[in-house]
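Here's the structure, in structure tokens; my notes come after.
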Amino acid sequence: RNYAERLIDQGHFEQAAALVAESLTLYQARGNRVGIGNALGSLGRIALLRVDLDEAQQKLQQAMTVSSGVGDLKGLSEWRYLRGRVSLYRGDADEARRLLAEGLNLCIDQQIDVRAARMCTSLAETALWEGKLDEAEHWLSQSLVYHSEPQRITIYTVERLFVAARLATAQQQYPRAATLFGLVDQVYGQVHYAIGGPMRGLADAALTMVRSALDPAVFAEMFAAGRQMSLEEAFTSI
């Protein structure tokens with residue numbers, strides 16, 4: 001399953017799904033409930049990235065039930081995070097907020113700051129989805145309170161920057177949005193991860209809007225500035 005997770009990160013969803021399904025069969029044969037929950041969660045994650053939201057919801061709900069039953073709080077927080085995102089992309093912002101808030105409380109109780117930061121980023125995306133721009137700004141800032149390591153680039157750094165760029169677009173701060181998209185382009189080139197699913201589509205739509213709103217020369221200048229910006233500078237401005 002660990003190898004399958006790396007394949008998911010790289011966008012090889014079909015190969016990863018086959019390996020996770022094999023792992024699930026082995027875990028079921030051995031009665032390994034933690035492993036069953038993890039395998040179901042991985043299948044849910046693959047479905048989300050494939051934009052099969054019905055399948056993602058089903059598998060992640062099953063993973064949450066199994067993880068809760070065996071007291072696997074780490075797994076439960078991960079699946080609740082992903083399940084919240086599925087609810088958001090299905091258009092149920094209220095359900096997304098409930099799941100993510102529960103997940104945030106769980107992460108705070110367990111002192112898992114990195115995951116708490118991810119919950120805050122998704123809460124920001126939920127607020128952005130509803131047009132609550134001040135609330136989205138609050139949750140993005142809160143994500144940095146829980147975890148900010150400018151020297152350590154992860155996929156969650158990219159996702160946070162995607163949300164920040166989309167927020168700037170919604171606020172019609174187009175030059176700033178172009179700069180943030182330039183920074184995303186720089187950072188994304190440093191991580192071996194394929195961003196798929198609804199998040200990528202929403203980010204691409206926002207980038208298209210920014211390109212249309214700005215003079216091509218201005219867009220190119222701001223985008224290039226973002227490619228030269230440090231994460232520390234970006235996090236200070238979020």
Side-chain angles (χ1 to χ4, degrees), residues 1 5 8-9 33-49 53-54 56-150 152 154-164 166-167 170 195 197-199 202 235 238:
R1 178 181 165 268
E5 284 293 319
I8 297 171
D9 290 347
R33 300 289 291 169
V34 172
I36 291 170
N38 288 338
L40 288 167
S42 292
L43 289 172
R45 182 182 171 214
I46 292 170
L48 170 59
L49 292 170
L53 300 183
D54 289 341
Q57 178 168 293
Q58 180 186 27
K59 288 295 189 292
L60 289 167
Q61 191 63 47
Q62 292 173 347
M64 284 170 56
T65 299
V66 173
S67 295
S68 178
V70 296
D72 178 14
L73 299 181
K74 183 178 179 181
L76 181 60
S77 67
E78 177 69 12
W79 314 136
R80 186 167 273 140
Y81 161 73
L82 291 172
R83 177 72 174 75
R85 290 179 63 185
V86 170
S87 292
L88 177 62
Y89 299 140
R90 286 170 61 93
D92 192 344
D94 289 339
E95 177 73 358
R97 183 180 293 102
R98 181 186 68 79
L99 287 163
L100 293 166
E102 289 175 355
L104 176 58
N105 290 333
L106 185 61
C107 291
I108 292 171
D109 289 343
Q110 299 296 309
Q111 297 183 325
I112 311 175
D113 290 346
V114 174
R115 206 161 277 178
R118 289 162 54 190
M119 296 290 184
C120 289
T121 297
S122 287
L123 282 165
E125 187 176 16
T126 302
L128 179 58
W129 184 283
E130 295 181 300
K132 299 176 180 178
L133 305 188
D134 289 344
E135 184 179 327
E137 202 163 344
H138 161 76
W139 282 118
L140 267 181
S141 297
Q142 196 65 28
S143 75
L144 294 172
V145 171
Y146 284 112
H147 185 72
S148 174
E149 290 188 17
R152 184 170 179 266
T154 69
I155 186 54
Y156 303 111
T157 306
V158 178
E159 290 183 350
R160 179 189 284 161
L161 291 171
F162 265 145
V163 173
R166 286 175 52 206
L167 175 58
I195 293 185
M199 176 174 277
L202 291 165
F235 288 169
I238 287 178

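These numbers come from a predicted model, not from an experiment.
Closest approach of Leu76 and Met64 over heavy atoms only: CD1-O, 3.6 Å. Summarising the geometry of Ala63 relative to Gly41, their closest heavy-atom pair is CB-N, 3.5 Å, with the distance given to 0.1 Å. Of all non-hydrogen atoms in Tyr146 and Ile108, the two that sit nearest each other are OH-CD1, 3.2 Å. Taking all atoms of both residues into account, the shortest heavy-atom contact from Ser143 to Leu140 is OG-O, 2.6 Å. For the residue pair Ala101 and Leu123, the shortest heavy atom distance occurs at N-CD2, 4.3 Å. The nearest pair of heavy atoms linking Ala96 to Ser87 is N-CB, 3.8 Å.
Sorted by first and then second residue, the side chain to side chain donor-acceptor pair (under 3.5 Å) pairs with a member in residues 68-77 read Ser77-Arg115; sequence neighbours excluded.
In this view, Gln62 and Leu40, Gln58, Lys59 satisfy the side-chain contact (heavy atoms from CB on, under 4.5 Å) rule, not counting sequence neighbours. Not counting sequence neighbours, the partners of Arg118 by the side-chain hydrogen bond (donor to acceptor under 3.5 Å, both in side chains) test are Glu78, Tyr156. Every side-chain contact (heavy atoms from CB on, under 4.5 Å) that Gln57 has, sequence neighbours left out, goes to Arg83, Val86, Arg90. Shown here are the salt bridge (Lys or Arg N to Asp or Glu O under 4.0 Å) partners of Arg45, two or more places apart in sequence or in another chain: Glu5, Asp9.
One distance of note links CG of Leu100 with CD of Glu95; it measures 9.5 Å at 0.5 Å rounding. Once rounded to the nearest 0.5 Å, the distance linking SG of Cys120 with NE2 of His147 reads 12.5 Å. The distance from the OG1 atom of Thr126 to the CG atom of Leu88 is 4.5 Å, given to the nearest 0.5 Å.
When only modelled atom types and interatomic distance are considered, Thr121 and Trp139 share no side-chain donor-acceptor pair under 3.5 Å.
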Hey, can you pull the donor-acceptor pairs under 3.5 Å for the side chains in residues 127-136, sequence neighbours left out?
{"unit_1": "Glu130", "atom_1": "OE1", "unit_2": "Arg97", "atom_2": "NH2", "d": "2.1"}

- Message: Let's go through Arg160 and Glu125 carefully: what are the C-alpha distance in whole Å and the side-chain angles of both, what is the deciding distance for salt bridge (charged side-chain N to carboxylate O under 4.0 Å, His left out) to 0.1 Å, and is it a yes or a no?
- Response: CA-CA 9 Å; Arg160 179 189 284 161; Glu125 187 176 16; over 6 Å; no

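When side chains are defined from C-beta on, Met119 does not count as touching Leu106, because their heavy atoms never get closer than 4.5 Å. At a threshold of 4.5 Å between non-hydrogen side-chain atoms, the residues Tyr89 and Leu48 count as touching.
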